Each structure stands twice: as C-alpha cells, then as structure tokens.
Amino acid sequence: METPKSSTCSSPIVKQPTLTPKAIIYQKYANKASYKIEEILGQSSQNGCPGLAVSQKGPSLFRCHLELPDFSIVSQPCKKKKEAEQLAALMALQKLGIDSLQSSLTEPDAAEELLSRLSFIFSSEFQSSLHPLSSHLKAVSYREGELSGSIPVSVLSACDAKLGNLCRSLDARIESNPFLSIPLILRAAVRLSELLVVSEEDLWIRRRNPYPSNAMPELANQQSDVTNGPLTEAVYIPFSLNKDVRTIGMNLSFKGYYLDVIAKELGVLNASKVLISRTIGKASSESRLYFSALETRNFNSKLELYNAEESDSDRSFNIYASYLLGQPVYGNAILASVAYTWRGAELFNEDVSLRSYFRMLVARMPDGLFKLSREALFVADLPRLFTTKTNWRGSLPRDLLCAFCRQHRLSEPVFNVVCNSDQDLPGPCKSLANEKSIMGFTSKPGGDVATFIPNQNEVQSFSCEIKVFSKNRNLILESSPVDNFMKQGDAVQNASLKVLSFLNLYFKQPCISLEELSLLGVKCNINCHSTCFLKEFSLCQVMHKVQQQSHLLRGHKLNLNHVNPYNGLISVENKQLSIQGTACGSLPSNGYLVSISYSVFLVSEGKKKQEILEKSDEFEFEIGSGAVISCIETAILQMTAGQSVCFYMGMPQSEVVLAASMNSEKVLSLLSSTPCCLEFSITLLRLTEPFEDRMEQALFSPPLSKQRVEFALQCIKEFSATSLIDFGCGSGSLLESLVDTPSSLENIVGIDISQKGLIRAAKVLNTKLEKLEAVMPRSMIKLAVLYEGSITAFDSRLSGYDIGTCLEVIEHMEEDQACLFGDIALGLFCPRVLVVSTPNYEYNVILQKSNLANQEEDPDDKEPLLCKFRNHDHKFEWTREQFNHWASGLALKYNYSVEFDGVGGIQGVEPGFASQIAVFKRNQQDPLRDSGLSAETENQYKTLWKWDASVS
Ligand code: SAH
Ligand code: MG
C-alpha cells in the first residue's frame, strides 16, 4: 500500500493535502493582508502590456496585488481571479522564505511532538484554556471513586486535532482506522510516567498528581442541581439485523460525566470503554458514533473490513454504523450529538432523530445529497446535463462530488481543466471537412456552448479531467476530458456530473463484478481502477446484501428494486394516467422550465393513505434534463398549466422513505409490517418557455415563429401550391396557421418523430377543422394527415408534393442526419419547392447582448462574452456560410435552384437574419428517380391522425 509519505506519483497535482498559499498568508497576517484584483482587458498573454492594444479583443486576464504590512507583491497575469490571488500569496511566501508545501514531520519528530502535546494537555496551563478537552478533564475530575480524574483515551484522539494529526503522521493506517491512534497515545503516555498514570488495559490516562487547586475552575453543569433535566434524543443502532434502529433518551444534564451515561446505554462499564468516532455529517456537526471498545479489543487485528466468511469473530459487526462512518464498528452503537464546546465548559447537546440518521445514510448516495439539497427525495433525480447555472437547481455538481468524497473518506477529487485552442476555428468555412471539425466538438452532450466569437480568431474550449483518490492516495477512478465547453466552469460541472452519475450506477447495483464495473466505466468514459474502487466501497456491497437479506428475513416483499426504483412501473402507470382539469395553453417540451406542486404519501395495502412523506408548494425544474424521476416528466409532458395528476408507484429504498418522513417511528413499523406503495399527486403550476422561444417573442415583433409562418404562406401563394408537407411539424404551429388562413392548399401533411407534439397538433387541428367545416363547409382544405416518423426516412405516399417546409428542425438533428434529410427531401420526396429555415449562428451575438442587458450578470462568472446555442436541444447552429455551403451543394446535386432569405433582421446587413431560410426550386418538371438513392416503396410512416373532408 502506498503511504502518503512514500507517494512519489509523477503527477504534480497529487499532493499531500496542504494549506493553500492564501491560507498560510491568512494564518500569518489575517486581515492585514489585502488582495486587489486588476483586470487586464482584451489582452493576450504573450504581450503583457496593458493599455496598448485595447481594440485587440481577447479573454480578460487578472493580476493580483497583495499588500502585506511589510511589502507588496504583484502576480503575473492569470486566467482566473482566484489563481492570481493564490499566485500572489505563493510569491509572497517565497519572499518570506516560507515553504508552503512543507512536507510532514519526520517520524522521530512526530513522536517527540506527541509526547510534548500529551504533557501539555495534562498541564495546569491547559486546564484554564477553552479547549473542549479541558472540559472533559474537568468533568472526569468530578467523578466519584477510583475513576476520578481518569480520562478515556478515545476522547483524547477524538477531541484534539493536533494529537490526531501527529498520530496520523506516525502511522498511515490511522487515516482509515483512527482507533489505531489509541495504542499509540497509550504508549506515549507510558513514556510520560512521571506525569501520567496509564491503564493500557482499561484505556484511560490520569495525571499522577492533582492539579494545583487554583487551576480548577468549576464546570458549569457541576454547579447545577439539575438531576432530571430533559432527555436528549439519540439513535441506537443495534448490530443485530433482527432489531430495528430506534431512538433513546439520555439524561445528559445530570451531575456527572456525559460519557458515563452513554457507556451505561451501551451496556459497558464506564466511559473508558467507549470508543468515539470522528464527527459525521455536516462540517459543523457534533454528531458522533459511540460504541463499545470491548468489541474492538485488538485494534490492530480489526484493520481489514468486514468479511462475510469470518462470521464467527465478526458476529458483532455493525453494518449500518460502519457504513455511516466508513470504518468498521463492532457491537451496538449510539449516534448522539453532544460535546463540550470551545466557548467554555458548557455541554452542548442536540437531539438526533431517526430522520436525521436516515438522512445521513441517504447523503452517502452519490445522488443523495442532490436530492436532499433540493428537499425532494422522491421527485428529484441527478440531472444528466449541466446546461446553465441559471437552470440548475440545488447544489452544484462539483460541490456534490467533493462532498461525496468527504462522506466516503476519499481524498478531495482533483480537477484538471484542459484548454483546447484551435487557430482555425471558426472562420469562414472552407470545406465540409472543416465544418465537421467545428461541429465535431459542439455536438456532444452539453452542447449549449458556441464556437463563434466575433472579432477573434482564436477560439478556446475547455474540457475537464477528474481523478478520485482514496485517502491513501490510490487512484480509484479517472474520467477522461472528452466533452468540450466554452466555459471552464461548465466543463468542470459537467465532468463532475458524469462522475457522480457513474458512481450512482454503481451504488444502485454494488454487487457487480470487477469486469462489469470496468465496462460500466468505459461506457461513461471513466477509467475505473476496479480493484481499488471496490475496496473503497466494499461496505456498500455488504450493506446491499444485508438489506436484501434482512427484508427476506422479515418475510415480506418490499419493492427494493435497486437498479431503478421506479422503472417498470412507469409504463403501467402511464396507461392509467388520469389527468384532471381542462387542457388549455401549451404543453411543455424539452427546455421548458416548469413549476409544480406535489405531495407524496405512503400508502399501505388497500390504498389507505398512511403518512405524508414529502410535499412542496413549488418545485421548479427544466424539462428534458433528467432533473426529476422519469415518470413525473412523462406525466408533465402530457399536461398543461393548471392540470393535476395522481398515480401510484412502488417503494424506493427504505432509507429514502425514512429520511423523508417526519414520523420515522411510525413509518418504520409500517414498512416492516405491511406492503406499501407511494401515492404522488402533482399539479402543474406554470411553464416558462425555453430561452429560444422567449427570446423569439420578446425581441421580434411579430415573433420570429410567426414571421417564419408568414414567410411560408408567402411561398405557398407564390407557387399556388395545393399540397404541402411540413417536415418536423412539432406541435403544428405552421399547420394550424394554414387552417386559419385561406390559401390554395387542399392537402396538408405533417411529419414528426415526437408523438407528444403530434398529439397536440392533432387536437388543435381537429378542433379548428371541425369549426371551419361548420361555418364554411366548402373550405379549401380537403385532407390533413399527421404522420409519426423520421424525416430522414422516405415514404413513397408523400412523393412529389408541391411544397415542403422544414422550419427550425435540422439543427435538432445531428449534422450527418441533417445532410441525410437534405438528400432524402430533394432526392426522393422531390417537392417543387422546399423551404428550410434554421438559426443563423452569427446572429447570436445580438441575442446574447440583449439577453445580458436583461439579466444581471453573475459576478463569479465573468468570462469573456461567448454566444450560446439558442436552445440546448440544438445539435448545431450554422453560420450563413455554412448554411449556404450545405444548401448550394444540395441544390446542385439534385437539380434544384436555391435562394437565400430569412426573417428577423435585414438582408445584407450584418450579421444577417436571425433565422436564415433557403428556398429550393426544382428545375426539372418531372422528378426522376435518378438520384442513386434507393426508394423504399413501403409506407415508412405511421398515420397518427387523419382528417378527410370527403368522408366526414
Ligand atoms: N417546425 C416546428 C417545430 C420545430 S422544433 C415549428 O417551427 O414550430 C423541431 C422539431 O423537429 C421537433 O418537433 C422535433 O420532434 C422534430 N424532429 C427532430 N428530429 C426529427 C426527425 N429526425 N424526424 C422528424 N422530426 C424531427
Ligand atoms: Mg430549434
């Protein structure tokens, strides 16, 4: 095993956890150190000469001025403010001759330090300090009888960070098993025999001579007469799986030593026989596990974790407590929040409820903290993508990953941002091959980033590599920096999200083999060092097995489907989905922000509502990002604002249910006695359209979508078209207008792959056509059909129509698919006229500016102005040049002519139209199938809805 000191890993980022230069400066100077950031605008790093080339735009750099009482330092320019500050601090430290990366103490030094720390702790000087340990010393001195003045050794290592650190530098194994510091401290204390009396057997240390009488101020609660104060609630975690975890009340305000009370609850003789864990949970938490030292008699032999085969000696292994702590715990354990504080001698104590215990268990899941941070354990899910900070709700992925590593006693993850700059990007495109390279990196997940920056010929993109190490610095996984983003922050957040999702996959099925695990990693672009990985998470496997066993033991089936708690039920529930309230307004789709209210009930057999588990008056999320469990999204996609829905689902892991409920005791007993399920009631409160739609409405009058429809109507008129196919008709915005507006059209067809959009289109068209029929029976439209299918497939029924439209669709397909569509449309469908519209990428600068004007800027996010795609479902957005290139090539290939036009903006004025439009016209009157494409004669499309005037 690699010890921290012998780590000679070549990677410069693998360092001992050390203080940052800034932290060292702070220790030394506190507020007397002042940092000022200077922004160097539009400066390229090679010519570090501010003010010279203001017109030459580039990303801003930052320099930090650090003022110290004796001198000041100016850092070199850095890309990030924080980097500049650290650099300035580092430069200052070098000037001061302080080595910030100081290696840890050598062994003999540490042993010496340990002795001196111990003798200091037992000095009368220490008695008068406000250190929590001094309160312990006072408390034990008030004990009656022979234990008077004896302090349990485990208190020493648990309550004094310095002792803990010294022990760790003496024995690296202490990192993973802190209780190994107990024999170390005992042995050191034996060497101080003049000062201390030690019982290695009974695990206590005492001062040989009493303290001078004046060095013994009274403990606050020693004076009080309270012998029966309110009981402090704690959680009792039995090692036996046949017994339920329960709460106990402890009388901690009595006259005596609180650890003796805990010892009594644990059934051990006195406080010296109690082991105290590090704090668990939040950073400020005082929650610790207390358990019997008797079960852990030989600290050394218990180093290795629980092994199922070793059943005899490990009969008392406490799996839940061990899982919670991340290190082996034997015997029954108590989770309590009680401690002496730094403020003085008063005893701090707080109730620990069953609910908080279960929340701690949930927080250990890779997605647990996210769900907890959203306060939506049943509804929230770890999103697949980090799109923008504004659309993200809950803790950020990077923070979640760091917290996860802390929870699981791993080292802080290492983030390595890779900057890719490409001189050729984006420039006017020269060839298709070149375009590919541009699009190649934007079409990946999270592609809400842009590749175009005006007036700048160097484009940078960022990707992020993440490495996760064990506490002992073994690499357990590394994710490759494959996805590129225009912002460093986005790269880091998305990479963190990917690692979390991978971990989540593992946690849902922890009993997987080494090979399966590596394979799972490969799929996520994660190189998983399976052996180390499984070793770190071995308790998860045990936990998983134990849970399954214990449920079998209890003789009833709780639906503990770990692979996906809600899968399987979705389709069933979906069929019975009964949506309440009348539909009005639009249905949400990808990119919409929706706001719902919901409640989740625990329902027992016979659909009897038992207990409210979770409730929210307003819960907001982005559709299509995977931010909620899939069946909720499925339901919401069929609802309009104001509608409600109610459905039932199977049980997720019982910890989740117990972590949510305010009445854990009742739920616990329910879960162990009756089969239960969950009832969800959801109301869709509000929808907010995606940025693209909002922007199209806010910035253009009439809205851009309307202008596109007008444009299409114009073309229909011009060519006296009688038949039309709308490729990618979505929810029918164009078809709807065609019904409203009298024209030469008689036969209209819409095709889309989205059934949801088509259903909405069908409803609207049906109502409109029926109304029209009632007022004007001889209206022009005789046939209207909606087909479900991909516009990259050909259906011979739709060949040779007068006009085809394809408005704002191609950018939703991968680039090669968009090209395929071009071939199929002009080579096989062969309409007389084809109108294709798509966003003009160059116009985004203008949208971005007006967007920024409306939004307050994020101060942490001061990166150079970059354009984003208008909608995160877009796989690409083309410049005029790219669009022209595609359309001209296509026209030539299939004997069409093509003209370029657009809506939003003015022809010939930079940067062109907001939506660019190509109008293809067939040169040949008779479409011949000489395109080389083989036309399938089958009917590729599924008819979803049909309106035939001659029949009705
Ligand atoms: N033309 C509509 C909808 C544009 S949104 C309007 O202007 O309002 C883009 C639409 O393209 C979506 O409805 C999506 O389902 C559809 N789409 C994406 N890829 C498709 C494909 N391969 N075949 C058919 N439709 C597709
Ligand atoms: Mg679009």
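We count ligands from 1, going down the list as the structure has it; atoms in each ligand are counted the same way. It should be emphasised that the depicted structure is a prediction, and the values quoted were computed from it without experimental measurement. FYI, side chains are in, hydrogens and waters are out, and symmetry mates aren't considered; it's all heavy atoms of this structure.
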Mind checking whether [X] has a heavy atom under 4.0 Å from ligand 1?
X: C729; value: yes
X: T792; value: no
X: G789; value: yes

Keeping T767 on the side-chain end and K763 on the backbone end, is there a donor-acceptor pair under 3.5 Å?
yes
Give a yes or no on whether the backbone of E808 and the side-chain of S837 come within a donor-acceptor separation of less than 3.5 Å.
yes
Which of the ligand 1 atoms, numbered from 1, are nearer than 4.0 Å to a heavy atom of M813
19 (N), 20 (C), 21 (C), 22 (N)
Below 3.5 angstrom, do we get any N/O pair linking [X] and ligand 1?
X: I791; value: yes
X: D752; value: yes
X: S790; value: yes
X: S733; value: yes
X: V809; value: no

Quick look: S731 vs ligand 1, heavy-atom contacts under 4.0 Å, and the answer is neither
Can you check whether F727 and F829 have ring centres sitting under 6.0 Å from each other?
yes
